Amino acid sequence: MSPQTHTTEAIVIVSVLKYSGWRDIVLLHDNTTAQTVTQVTDILTRAGVFVIVYNIDLYTECQLTAILSSLKVDPIDSALDVTLMCTVNSSITVLHSARDFHNKYVEAQLRVRHISKWIIFSDSNFSQDDLSSFNLDNIVFLNLLSEKQNQKLAYCEPYMLQTLMWTKSGRQLSNIGAVSDKGVESIYGELFPNTKNGFNGRMLRVTTLEWGAMTIIQEDGNFTGLCFDILNEMARRLNFTYSVIIPPDGAFGAELPNGTWTGMVGMIQSEQADLVVSSLTINPDRERVIDFTYPFLFDHVTVVYAKPGERKWRTLIKPFETSVIVMIGVSLIAMSFIYCLQERGNPIYHTVSKRQSPGLYHSFWYMYGALLSQGGEPLPVSLAGRTIVSGWWIFCIVSIAVYSGNLTASLAVHKTKLPFTSLEEMVKQKEFKWGTLGSSAFQTVFKDSAVPTYAAIWNGIVEFNKSDPSVLSKSGEEHLQKLYSGNYAFIMAKQYIDFETAGHCNLVLLNEHMARNEVAFALANNSPFVRILSNAQIFEVILPRLSPKR
């Protein structure tokens, strides 16, 4: 390259870098651009821009990875600004190293893929295969040797400035402006549109699980529910598409002994998915390996169980306590004996009346008939007998009136003695088992708790699990079937219980609220998308639609 060409290149490069507004720049180059780099560095330094220069021809691939790892910045408030001035082949090598570094060090503070911004000045264009392999969000490209300039025409067309976009056809460069050989820029588009309030049609990999009203999988395979209402509004506002992946193990996410995670959390941790869109609960353990957006649902954990079934014939004896029924029976037998003995010893049956005195059999059935408001024949002849019968009739009428009133009240207001009304009573009783969703945050609430009652609940689950593993089933439907079958208490978020058990009137919810349950979407650790998605302000649009009209 001639000195004049070098000067033109330096002017063009400095013009673009000044337009970017960068104050701290990492400049990577190869031997072919060493002279131009010297000019560019001198101009930028005089303009107050801090420049770090690396000649990539002096480093091996491992050393280049080490350089990237040393360029860590705050992933929330800062970005890594990199300028490449080298041949296309050298640029490809650097960009692939950045991609490999990102894939290898998933938990690194610097997330090269999303945070870094790259401005590349090279001597020829990238192929379509190269563009598709760049797994980086923010790349601006300028070809310093256009075709017409290589033909040495009498005039020079402006240098075209392009940015790498996400399109339905894959990654493609899109023109966003031009720079003249005098350094005059005419830029009409965003240098890095992916960092603004849009994803430029990029496809995000979404992982989800069907869960109550939050996520519903329809028969045609489409997804609905509150979570996907929010996601669809986000996609509309932020201009992205998505594909849905269901975790093979059907779990929300639990930590394994080796430090990896199962379920949807594990898919984010291993970067098999970009976003969790489901009823995923925020807890400290999960926040160590993934990041959450601002919660869109605040709920609490509670316990639900079915009231014990009652035999229908017991409805007839419910108006009276057992002791009252026993005493009425004793009174019936006693009054039958008294009436029989009194009539048998009364002389009126031997002197005045020719009728035989009633025996014990007749006396019992007469008294029993009176108790049922039926009476009997014949009436007693003696005054003493009639007095006894009259007293019995009064007793029967009062008893029947009280019984009828209590029966009506018991049918109108169903009063059933509950097996337990608190967590402490639940862990003490022996009739009911209890369980919760396996590989979920609800399991962690009790497993790691120092509260005695919570610890007792977990110990009970561990004991039940030995003979009945379904108490820690990952399927909410399996827990509901156990719930409806009876003698089982299900520990779950209230919103899920309210949705799934609607119409079941024999269920009891404990008034105790155990753990607070905050639900949010999740992304990879240090993802810059957390702030973008949280600030999308879509909740004020969707949630009013779901609220009941007043």
Side-chain angles (χ1 to χ4, degrees), residues 74-77 106-111 113-115 197 199 204-215 223 225-235 237-238 240 242 244-247 251-256 259-301 437 439-445 448 492-496 514-543:
D74 183 352
I76 300 300
D77 297 322
V106 174
E107 298 300 329
Q109 180 186 1
L110 170 64
R111 301 191 63 79
R113 173 180 176 182
H114 307 305
I115 294 176
N197 62 338
F199 293 85
L204 300 181
R205 298 165 299 170
V206 170
T207 179
T208 190
L209 281 176
E210 187 170 20
W211 193 251
M214 309 301 291
T215 306
F223 294 82
L226 176 61
C227 288
F228 277 84
D229 287 343
I230 296 175
L231 178 64
N232 290 332
E233 183 66 16
M234 287 171 121
R237 290 191 171 208
L238 300 179
F240 66 84
Y242 61 87
V244 180
I245 309 169
I246 297 178
F252 280 82
E255 188 174 10
L256 299 175
T260 61
W261 284 69
T262 63
M264 295 185 292
V265 176
M267 295 187 71
I268 294 293
Q269 183 190 36
S270 61
E271 297 208 330
Q272 299 177 50
D274 301 309
L275 180 65
V276 172
V277 177
S278 188
S279 182
L280 190 67
T281 300
I282 300 174
N283 68 26
D285 290 334
R286 288 173 176 172
E287 285 189 305
R288 288 190 291 103
V289 294
I290 59 176
D291 280 347
F292 288 93
T293 63
Y294 188 80
F296 61 87
L297 179 66
F298 296 87
D299 198 9
H300 62 267
V301 181
L437 198 69
S439 299
S440 70
F442 308 109
Q443 175 179 332
T444 308
V445 168
D448 301 330
M492 184 45 57
K494 187 176 183 299
Q495 58 84 14
Y496 177 80
M514 288 174 279
R516 187 174 181 180
N517 186 41
E518 297 181 355
V519 177
F521 295 161
L523 304 98
N525 251 350
N526 300 327
S527 172
F529 298 158
V530 173
R531 178 173 293 183
I532 296 175
L533 297 181
S534 293
N535 292 341
Q537 297 180 353
I538 54 103
F539 306 114
E540 61 183 4
V541 175
I542 291 183
L543 294 184

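Just so you know, residue 1 is the first one in the sequence shown, and it goes up from there. None of the values given here were measured: they were computed from a predicted structure.
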Open item on the list: Looking at Ser270 and Gly266, would you say the former's side chain and the latter's main chain have a donor-acceptor pair under 3.5 Å?
Closed with: yes
TODO: Determine whether Val519 and Phe296 make a side-chain contact, defined as any pair of heavy atoms from C-beta on separated by less than 4.5 Å.
DONE: yes
- [ ] Determine yes or no for a side-chain-to-main-chain donor-acceptor pair under 3.5 angstrom, with Thr262 supplying the side chain and Ala254 the backbone.
- [x] yes
Open item on the list: Measuring only between side-chain heavy atoms, which start at C-beta, is Thr208 closer than 4.5 Å to Leu231?
Closed with: no
TODO: Would you check if Gln443 and Phe252 make a side-chain contact, meaning some heavy-atom pair closer than 4.5 Å?
DONE: no
TODO: To the nearest 0.5 Å, tell me how far Ser534 OG sits from Phe529 CZ.
DONE: 13.0 Å
Task: Pairwise distance CG(Leu209) to CE(Met264) - rounded to 0.5 angstrom - done: 4.5 Å
Open item on the list: A side-chain contact here means heavy atoms from C-beta on lying under 4.5 Å apart; do Glu518 and Phe292 qualify?
Closed with: no
Task: Minimum-distance pair of heavy atoms, taken over all atoms of Gly259 and Trp261 - done: O-CD1, 3.6 Å
Open item on the list: One pair to check against side-chain contact (heavy atoms from CB on, under 4.5 Å): Ile290 and Val276. What are the steps and the verdict?
Closed with: CA-CA 10 Å; Ile290 59 176; Val276 172; 5.7 Å; no
Open item on the list: If you define the side chain from C-beta out and look only at heavy atoms, does anything of Thr281 sit under 4.5 Å from Ser440?
Closed with: no
Open item on the list: How close do Ser279 and Cys227 get, counting heavy atoms only, and between which atoms?
Closed with: N-SG, 4.1 Å
Task: Ala520 versus Tyr294, closest heavy-atom pair with distance - done: CB-O, 4.1 Å
Open item on the list: Measuring only between side-chain heavy atoms, which start at C-beta, is Tyr242 closer than 4.5 Å to Val277?
Closed with: no
- [ ] Kindly say whether Ala493 contributes a backbone atom to a donor-acceptor pair with the side chain of Asp299 at under 3.5 angstrom?
- [x] no
Open item on the list: Could you check whether any side-chain heavy atom of Leu297 comes within less than 4.5 Å of a side-chain heavy atom of Met214, counting everything from C-beta outward?
Closed with: yes
Task: Rounded distance [0.5 Å steps], CD1 in Ile532 versus OG1 in Thr293 - done: 12.5 Å
Task: Distance (rounded to the nearest 0.5 Å) between Leu437 CG and Met492 CE - done: 4.5 Å
Task: Reported CD1-to-CG distance for the pair Ile268 and Leu523, which is rounded to 0.5 angstrom - done: 6.5 Å
Open item on the list: Do Ile245 and Met267 make a side-chain contact, defined as non-hydrogen atoms from C-beta onward lying under 4.5 Å apart?
Closed with: yes
- [ ] Mind checking the CZ-CG spacing from Arg516 to Asn283? Nearest 0.5 Å is all I need.
- [x] 14.5 Å
Open item on the list: Closer than 3.5 angstrom, by distance alone: can the side chain of Arg286 be matched with the main-chain N or O of Ala522 as a donor-acceptor pair?
Closed with: no
TODO: Could you tell me whether the side chain of Glu255 and the main chain of Asp285 form a donor-acceptor pair under 3.5 Å?
DONE: no
